[in-house]
Chemist: 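Take a look at this one; I'll ask things after.
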Amino acid sequence: MLTAAIPGILRNALGPRWEFTLAGDHLTIQHPQRGTPYRPPARQLPWPELLAALEEAFADVGVPRAPCLPLRWGRETELTISAVQALDPYLKHRRPVPYRQGFLPQPVVRLTGGRDRHGNLLDGFLTSFVNASRIQPIPDAGSFGTTLDEWLTVLSRLGLHARHITVHGHLGVWRRRQVEGITLRYDHAGFPLGDIVLLWNADDPTYMAVDLGTALERLAWARSRRPWHEQVFGSLARAAPPTVLDAIRTVTLLLSHGITPAPRGAGNVTRRIAERIPSSAAALGPQRRCAELPRVLGHLQPSAVILVACGLTIGRPHSATTVGPGRGQRHSATVPASAHHVGTRSD
């Protein structure tokens, strides 16, 4: 049974130094040197450089970058909410080719972020963010372990070394419509980073894939250990309440993709979120009624990183031509293909 095989698959991939603990169906994987203190790098990477460093590290393990999906999805969801949607044709409909595969830094809009009792987003959550993912079909479950091992190498290049990583989760199989899977989560020195998911078609498990995901913003947060709002909003962290900045960030992204306010569909999301922006915050981004595309400030870091992910030029309307989920895109700018190495793997 696949559930019983996962610990062995991961042990073979990670090597004998890692400590595996299995309590019922809950698996925990830790490094023997996990007690060593984490010291953030002295130099913080600007958003485009962090994205370029990820792209280069993935390329070095044989995983090329894929072009972004369109933000307007219009299928099971109005908007793209996860990079894993790129695997829909393969996993759900058993077609040979997904929309995208490889390293996909996908801007997404997700209205389900964790909130406190007052309705404010908890640290680590945003309505719009860059879902930095590796999504691809795999030939067998053994590639699940290889994907995790290569991800540790990528993280080490960013200064997030393997000895501070903990992998944990239940090995029980879940099912959502046509797809089944097993989800494991990973943390860095106590900071939740993301998850790695083994997926397969429920009727034909030979259609198998892996989805390894995190948020670019969480990676930067784990790396720097700065206060969350300062990490995400930079110099504007105190310019307006976090809920307003989060709304500006999301509306900027939506408008830049041509999703204007409307009474229904994807445009209704733009309308509802724009209503959270008071007129006093107009200087920071789109005005409340959003009659035109916003004037995006170059130093508005949340908007900058989420637009750079799709290769757009900051401060200009969306000029990428999206031909469709299964085809290519034309971009108005590209992210640099190289960046400095930040560290080497230590496990």
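On a predicted model such as this, the values are computed, not experimentally measured, just so you know. Numbers here simply count residues along the sequence, with the first being 1.
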Chemist: Do other residues, nucleotides or ligands put more than 12 heavy atoms under 6.0 Å from the CZ atom of R264?
Modeler: no

Chemist: Would you say the side chain of L54 lies within less than 4.5 Å of the side chain of L219, judging by non-hydrogen atoms?
Modeler: yes

Chemist: Could you see if I81 belongs to whatever hydrophobic cluster contains L126? Use Ile, Leu, Val, Met, Phe, Trp, Tyr and a side-chain cutoff under 4.5 Å.
Modeler: no

Chemist: To the nearest 0.5 Å, tell me how far L22 CG sits from I6 CD1.
Modeler: 11.5 Å

Chemist: Identify the heavy atoms of F144 and I196 that sit nearest to each other, and give their distance.
Modeler: CE1-CG1, 3.4 Å

Chemist: Apply side chain to side chain donor-acceptor pair (under 3.5 Å) to residues T77 and Q85 and explain how you reach the verdict.
Modeler: CA-CA 10 Å; T77 58; Q85 288 170 281; 3.1 Å; yes

Chemist: Would you say that R11 contacts I9 through its side chain, given a criterion of any heavy-atom pair below 4.5 Å between the two side chains?
Modeler: no

Chemist: Is the side chain of E19 donor-acceptor paired with the backbone N or O of P16 at a distance under 3.5 Å, no angle test?
Modeler: no

Chemist: Indicate yes or no: at least one non-hydrogen side-chain atom of I29 is less than 4.5 angstrom from one of T166.
Modeler: no

Chemist: Ring centres under 6.0 Å, that's the criterion: do H188 and Y38 meet it?
Modeler: yes

Chemist: Test side-chain contact (heavy atoms from CB on, under 4.5 Å) on Y90 and Q101; report intermediate values, then the result.
Modeler: CA-CA 11 Å; Y90 180 81; Q101 59 182 307; over 6 Å; no

Chemist: Closest heavy-atom contact between S128 and T250?
Modeler: OG-OG1, 2.9 Å

Chemist: Would you sort out whether D246 and V232 count as a side-chain contact (heavy atoms from CB on, under 4.5 Å), showing the intermediate values?
Modeler: CA-CA 10 Å; D246 179 76; V232 174; over 6 Å; no

Chemist: Check the angle between the aromatic planes of W151 and F58 and answer parallel, tilted or perpendicular using the 30° and 60° thresholds.
Modeler: parallel

Chemist: Is the CZ atom of R238 crowded by more than 12 outside heavy atoms at less than 6.0 Å?
Modeler: no

Chemist: Are side-chain heavy atoms of P192 and R218 found at a separation under 4.5 Å?
Modeler: yes

Chemist: Do M208 and L199 have side-chain heavy atoms sitting under 4.5 Å apart?
Modeler: no

Chemist: Quick one: which of D211, V210, V108 gives a side chain to side chain contact (heavy atoms under 4.5 Å, CB included) with S133?
Modeler: D211

Chemist: Go through the steps for D195 and T183 under the test side chain to side chain donor-acceptor pair (under 3.5 Å), then give the verdict.
Modeler: CA-CA 7 Å; D195 53 36; T183 300; 5.8 Å; no

Chemist: Closest approach of L255 and P261, non-hydrogen atoms and distance?
Modeler: CD2-CD, 4.0 Å

Chemist: Can you list the steps and then say if L79 with L254 is a side-chain contact (heavy atoms from CB on, under 4.5 Å)?
Modeler: CA-CA 9 Å; L79 300 170; L254 290 166; 3.9 Å; yes

Chemist: Measuring from atom CG of D88 to atom OG of S82, what distance do you get when rounded to the nearest 0.5 angstrom?
Modeler: 9.5 Å

Chemist: Any side-chain heavy-atom pair from K92 and E76 closer than 4.5 angstrom?
Modeler: yes

Chemist: Is H168 close to L184 at the side-chain level, that is, under 4.5 Å between some pair of heavy atoms?
Modeler: no

Chemist: Find out whether L121 and T243 are in side-chain contact, i.e. whether some heavy atom of one side chain is under 4.5 Å from a heavy atom of the other.
Modeler: no

Chemist: First locate atom CD1 of I135, then atom CG of L91, and finally report the distance between them rounded to the nearest 0.5 Å.
Modeler: 10.0 Å

Chemist: To check you understand the geometry: which heavy-atom pair defines the closest contact between L87 and A209, and what is its length?
Modeler: CD1-CB, 3.8 Å

Chemist: Report yes or no: does D187 contribute a side-chain atom to a donor-acceptor pair with the main-chain N or O of G190 at less than 3.5 Å?
Modeler: no

Chemist: Go through the steps to decide whether T28 and T21 satisfy the test side chain to side chain donor-acceptor pair (under 3.5 Å), and finish with yes or no.
Modeler: CA-CA 5 Å; T28 303; T21 304; 5.8 Å; no

Chemist: Between atom OG1 of T80 and atom CD of Q106, what is the distance when rounded to the nearest 0.5 Å?
Modeler: 5.5 Å

Chemist: Do the side chain of N12 and the main chain of G8 share a donor and acceptor less than 3.5 angstrom apart?
Modeler: yes

Chemist: Between atom CG of L148 and atom OH of Y186, what is the distance when rounded to the nearest 0.5 Å?
Modeler: 9.0 Å

Chemist: Verify, without hydrogens or angle tests, whether T214 (side chain) and L193 (backbone) share a donor-acceptor contact under 3.5 angstrom.
Modeler: yes

Chemist: Donor-acceptor pair, distance only, cut-off 3.5 Å: does the side chain of R100 make one with the backbone of P67?
Modeler: yes

Chemist: Hey, is the main chain of P205 close enough, under 3.5 Å, to the side chain of N201 for a donor-acceptor pair?
Modeler: no

Chemist: Nearest heavy-atom pair of G102 and Q136: which atoms, and what distance?
Modeler: N-CB, 4.3 Å

Chemist: Write down the atom of R223, the atom of L158, and the distance for their closest heavy-atom approach.
Modeler: NE-O, 2.7 Å

Chemist: So, for W221 and F125, is the gap between ring centers shorter than 6.0 Å?
Modeler: no

Chemist: What distance separates R39 CZ from H164 NE2, expressed to the nearest 0.5 Å?
Modeler: 8.5 Å

Chemist: So does R72 have more than 12 non-hydrogen atoms from other groups sitting under 6.0 Å from CZ?
Modeler: yes

Chemist: So, H170 side chain and G172 main chain: donor-acceptor pair closer than 3.5 Å or not?
Modeler: no

Chemist: Does the cation-pi check pass for R176 over W174, that is, NZ or CZ under 6.0 Å from the six-membered ring centre and within 45° of its axis?
Modeler: yes

Chemist: Is there a side-chain contact (heavy atoms from CB on, under 4.5 Å) between D123 and H229 once you walk through the steps?
Modeler: CA-CA 8 Å; D123 286 356; H229 292 129; 4.0 Å; yes

